[in-house]
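Throughout, protein chains are lettered first and strands after them, A, B, ... in sequence-line order, and every chain is numbered starting at 1.
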Amino acid sequence: MITFIGKRLLGLVGTLLIASFLVFAVTEFSPGNVARKTLGPFAAQESVDLLYQKLHLNDSLPVRYVRWLGVLTGVIADPLQDPALKLDFKDPRGDRYFGNFGYSTLYKLPVNDVIWNRLGNTALLAGISFALIVPLSLIFGVLAGMREGSFLDRTISVFGIVATSIPEFASGVFLVAIFVVALRLLPGTSPLTTGGGGWSLASQFVLPVAVLVLYDSGYVVRMVRGSTAEVMSKPYIRTAILKGLSFKTVVWRHAVRNAMIAPFTVILLQINFLISGVVVTEMVFAYPGFGRMLLEASLFGDIALIEAATLVALAVATTTQLLSDLGYALLNPQIRVG
Amino acid sequence: MTAPLIRVENLKVEYRSSSGSVTAIPDLSFEVAPGESLGIVGESGCGKSTLLMAIMGHLGPSGAATGRVLFDGKDIAKASPAELRAVRSGGIAMVYQDPNAALNPTLKIGRQLVEVPMLRPGVPLADAKRLAEGMLANVHLPDAASVMERFPHQLSGGQKQRVVIAMALLANPRLLLLDEPTTGLDVTVEAAVLDLVDELRQTYGTSLIYITHNVGVVAQVCDRVGVMYLGDLVEEAPVEALFAQPRHPYTRRLMACVPRLDGDKHTTSFMPIPGQPSSLRDRPPGCPFSPRCVGFTPGLCNHTVPVEDIGPNHRVRCFRHRESPLFEPAAQEIVAPAEPSAELVLEAKGLSKIYRLGGSFFGAQRRAELSANEDLNFAAKKSEIVAIVGESGSGKSTFARILAGLQDATSGKLVVLGSDLANTTASERTSEQLSAVQMVFQNPDATLNPSHSAGFPIARALKKFKVTRGGKETQSRVAELFEMVRLAPSLMRVRPARLSGGQKQRVAIARAFAAAPDILVADEPVSALDVSVQAAIVNLLLQIQKTKGTTIVFISHDLALVRHLADQVIVMYLGKVMESGPVSSLFAPPFHPYTEALLSAVPVPDPTAEQRHVRLSGETPSPINVPKGCRFASRCPRKVGTICDEVPPPERKGEAGHMILCHIPLDELAAIAPILQHKPSERAPA
Amino acid sequence: MASTDAPSDVTALGRPELPAPPEVMPDAVAASLTALAAPTAPGAPVAALGTKPPNLLRRLPTSPIAMVGLALIGTWVVLAVLAPVLPLDDPNRQDFLSLGNPVPSAKHWLGVDIKGRDILSRLIHGARTVLTVAPFAAICAYLVGMPLGLLAGYYGGKVDLVVSRLSDIILAFPIIILYVILISQIGPSFWNIVLAVILTAGPGIGRIVRGLTLEQRHLDYVAAAQLRKESDLYVMAVELLPNCRGPLITDFCLRVGYTIITIGILGFLGLGLPPPDPDWGTMVKEGTTLISVHPHMSLFPAIAIVSLVLGFNLVADGVRELSLTD
């Protein structure tokens, strides 16, 4: 088991390295662009050229990537903080430390001052949603799958298909039209400040969470339902029924655990989906989160922030993948007990 | 006769679907007395499993039963869910066909066992645990306490079936339903499970309904036998009477399809049943067997057939049962077998196949070797049938795949028609070398690509081997090949999903013969088929072989079948040849202790035969890192001492190329009593 | 396919009780993950093999769910095809007179948008774009993903290792983030969106095909083809690929639906196809600025997207159910 985890951790680091290189390649592919984006559209061509030389942007892509890694790990000083550039980029942590993601040109702040706060907001939103998605999907999925073809099953399945067909921005529009415009029950934006409209913080979470839960649970419900229905048709369930156990016991003791093995991985992989969904939801409700920050950084061309944000998102995604593999092994004794 | 424990009266089972309803069982009645054991024999699709589910009251949402199933005076067919649960947890218990699927993979054995006694009021967990452990000991599982703590996948197939039996017995049932409990198990394991069933029946006095397709098993464990065909019980009799005097034409033909240890292709021939069973949707009026029966009389057999008592407890449903022997060809058309010539076409010399396992990316794991074949030596002549017999894990299929070129050998020689092909896989063989060796596979459902028509692979083979030129010539040759395997050429354009298992295997045989092979490798080609279909396919193979002069390497686990068709036999165990020689020499002493155990385990379809019991302890060991001495030493009932574990046994040569790999000298082995002895019996089917 | 291939050969020996060598375990996990990560139900591929109904599509009319889906898609296809001959406004003509009261009227059935353009006309013309880009991009992704999956599944070993690792890395990205970064860097255009779809969907398709290929690789009909000296290409294309069609048709419908969603999201995030072409996602986005006064400007395009996606998802579900039941 320990070698298994060790191997997976190694793989995780490898994935992060290759993936971050890919992101680096996409964002910094044209070096002239990098200097221009850093300085903004109105900077003089001379200063752009100066920066180009200073950052050694004529080096090959792998070399520049290694240098970026060096800055990140604190081996090399961040060249942008060099006062000679007169960029006025200052990081109170210094210019050389582990985890130095560089300087955000959009927010005019060190990336580390921007990103973690936003990530916290997003984690809160995603966490509440996840805490609702999992139990709801499990309950309704098992209820539908345990009697395949029943009325309840049909209803839940159709709900699942419809829910997965409504992307977050569409359900956002629908919910806003109903609860904000027509009924005036809830706020249409969630800036996480209590000034202005006077909506409580809690009320600002209702719609974003609803949007995320609706879309994702549709998918997970269908997974759980499919898996439960498959398990219910297995011979060992027949064994349990013909032992004389009550239907409740059969479902609860014999079916649920086996039915959870397959969806478990999917549920954790949902975190990956959730991160995607969060970007859109944050845009719909002007929520000050990580996703919106990433989108703004992309549109602005804030290279350091894009790279940092994708790396963090990837780290979250791959870690959940690792967790889902471990959980899979825990649920399935055929793997756990060799 | 005492009051029956269970009485089934006019049971009718229907399955409803969106496309109409189907009658699986039209009208069935029988009873079982306390302590009695009733066997129900029938081929696939005859409704025997449906019958068990109807007795259990578990036909699923689409099934519906009418009539009465009286258990202990109560009608199960009309029981409430609570009453049903009471019957299941204390009256009738069941043992299932596939023990691998019948146990919950994520719950420990103990957990699955204790919930049975705990369904009874007033049984606390501690008592239930004690009961479960005791029961595991009763079914002869060593170290019951540790088995309780294990998961199903940590047990072997035979051990799992013992657990399932223990689980059933924990309900203290008065009636035990067994649904093909030994199908899929190796023959030596099957014999041990059958012994156990017999022993438990003596101990607990439980009544049994034993469902099987294997006539031999019925002869061994049942008092009375019912024969089912298309949902009808066509004949019912005490086991001796049924085997001595089968009366229904179907029963008679079925019995004549069963291979026996005492007959071979030179003396007997199977009598396959013409045609196929009707589908449940178009059940013929009157006798269900009438479309396939030689004695079919219009105006008589298409009326409902009454049950007729024709002897003590012997009932039959046939208008013309008195004449039934007449319906069989007087002189059985014995397929005159091909005579092997002296020309050697195939020779294996020291052939070995070793898989190296482990050795992961980081090289940390210990290296393991799986020796699938070791030092295989044999030769086959033109027109000869060489059978390779062994249980699962014996490496017989690996050899078949090496021979066909689907795998390469690790060392040794494999001379096919003069050239060494041991390390030449299919992609490296020339067209001539490939067409010389063709193969028929085991699983009829995997042998044909579901996306292509049945004729497609044959036409493709003809084209690739340049047998025919042009579409027209190819099509007519495909049609010829279909006729050769007795299939209507119109089936060429049909997808495999619409063919029966037997038909698929016929297509596979036609495909193999499209290349006009000198050697046909047949890897368990009939083991997935019903016995009557098996008989037809075996006859077909013998006929084709006779006309084409093909050498056949026939891989099988069925000793009786091998006895029937082989000229030479090779017995393998854990990748090594234990015994080989002409077919006649293998079935009489001297034989290898493993051959002896195999012979003793074969269920003999003759209740009067005396079969000496030799049982193997334990399971086939893993082929990984095999012992250096005799591979069979760990389970050998005739082990002579540590020499068996330490020293590889010598090859002892007998007459006519007979070889036994054993430390025991030949003359000692020759002194062992034969396995089968016939009581002077009245058995003589006309 | 020689001794380096030991684990899979061991299964070919047909010994279920054999203690599986360690390498098999992660493989088994990976295989089940493969089946799961795909947006198909668990077990669908397995059940679809073997008992494959010969004419899945011909039996489609027996599934009411699929027929509802087809009706939804069909409506949009007909409208999109007929757009040039329908009596519609020019989708880009600005009707300043209606701007004062942009709500649905006899003149503009679904009202006008923020710039006074007819919403109905823009929706129908937008359907032309969506119904071209999404299926085309999905087909391109299949053309890339299927061969990769076949190669990885059929050859196994190092080919599999390289292909699978690379797909894993791409699949590790949260998908919208990948889109946002890509499109924001290379710019939103028809071909760039196709490229993004290939990059994001290709690995997923490859995984499904790989799983389906692995299941079949050791089946006897493949061996039979090898015994008549068929080339590897032939085995993959003629023997293996046709049997993947049940799960792949399902997956294709789901993917087209998801691509429509993605294009909508890109439009909503301001990364949609460049104006003045009508783009449903962009229409939703533009409408949201006035959502508190005139919600119809966002609602109608949102409903359009949902109805089309729902159509594809319903067909996918219908096909899946058909391939499960014989």
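- By a heavy-atom distance cut of under 4.5 Å, B:Leu107, B:Arg111, B:Gln112, B:Glu115, B:Val116, B:Leu119 are the residues of residues 107-128 of chain B near chain A, going up by number.
- Using a 4.5 Å heavy-atom cutoff, the side chains of A:Asn100 and A:Thr73 are not in contact.
- Counting heavy atoms from C-beta outward, B:Leu70 and B:Ile6 have side chains that stay 4.5 Å or more apart.
- Using modelled atom types, no side-chain atom of B:Glu133 and backbone atom of B:Arg130 make a donor-acceptor pair closer than 3.5 Å.
- Of all the heavy atoms in A:Ile166 and A:Tyr215, the pair that sits closest is O-CD1, 3.1 Å.
- Heavy-atom distances place both the backbone and the side chain of B:Ala102 under 4.5 Å from chain A.
- Contact of A:Lys234 with chain B is not made at all, since no heavy-atom distance falls under 4.5 Å.
- Counting heavy-atom pairs closer than 4.5 Å to chain B, the top-ranked of the candidates A:Asn258, A:Thr249, A:Leu242 is A:Leu242.
- Below 30°, between 30° and 60°, or above 60°: for A:Phe24 and A:Trp68 the angle between ring planes is between 30° and 60°, a tilted geometry.
- Contacts of A:Leu245 with chain B are made by both backbone and side-chain atoms, with heavy-atom separations under 4.5 Å.
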Derivation of the salt bridge (Lys or Arg N to Asp or Glu O under 4.0 Å) call for A:Arg147 and A:Asp153 = CA-CA 7 Å; A:Arg147 289 191 202 272; A:Asp153 176 29; over 6 Å; no

Give the C-alpha distance, both sets of side-chain angles, the deciding distance and a yes or no for side-chain contact (heavy atoms from CB on, under 4.5 Å) between A:Met232 and A:Glu148.
-> CA-CA 9 Å; A:Met232 286 305 286; A:Glu148 206 180 352; over 6 Å; no

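- Both the backbone and the side chain of A:Arg253 come within less than 4.5 Å of a heavy atom of chain B.
- Along residues 77-92 of chain B, the residues that come nearer than 4.5 angstrom to chain A, judged on non-hydrogen atoms, are B:Arg85, B:Arg88, B:Ser89 in order of number.
- Counting only heavy atoms from C-beta outward, the side chains of A:Val224 and A:Met260 approach each other to under 4.5 Å.
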Begin with the C-alpha distance, continue with both residues' side-chain angles, and end with the deciding distance and a verdict on salt bridge (Lys or Arg N to Asp or Glu O under 4.0 Å) for B:Asp179 and B:Lys48.
-> CA-CA 9 Å; B:Asp179 183 7; B:Lys48 52 193 194 300; over 6 Å; no

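- To the nearest 0.5 Å, the span separating CG on A:Asp216 from CG on A:Leu212 amounts to 6.5 Å.
- For the pair B:Asn138 and B:Tyr204, the minimum side-chain heavy-atom distance is below 4.5 Å.
- Formation of a donor-acceptor pair under 3.5 Å by the B:Asn104 side chain with backbone atoms of B:Thr106 is found in this model.
- Here the side chains of B:Leu141 and B:Val163 are in contact, with some heavy-atom distance below 4.5 Å.
- Neither the backbone nor the side chain of B:Ala171 comes within contact range of chain A; no heavy atoms are under 4.5 Å apart.
- The choice from B:Gln97, B:His58, B:Arg150 that makes the most heavy-atom pairs within less than 4.5 Å of chain A is B:His58.
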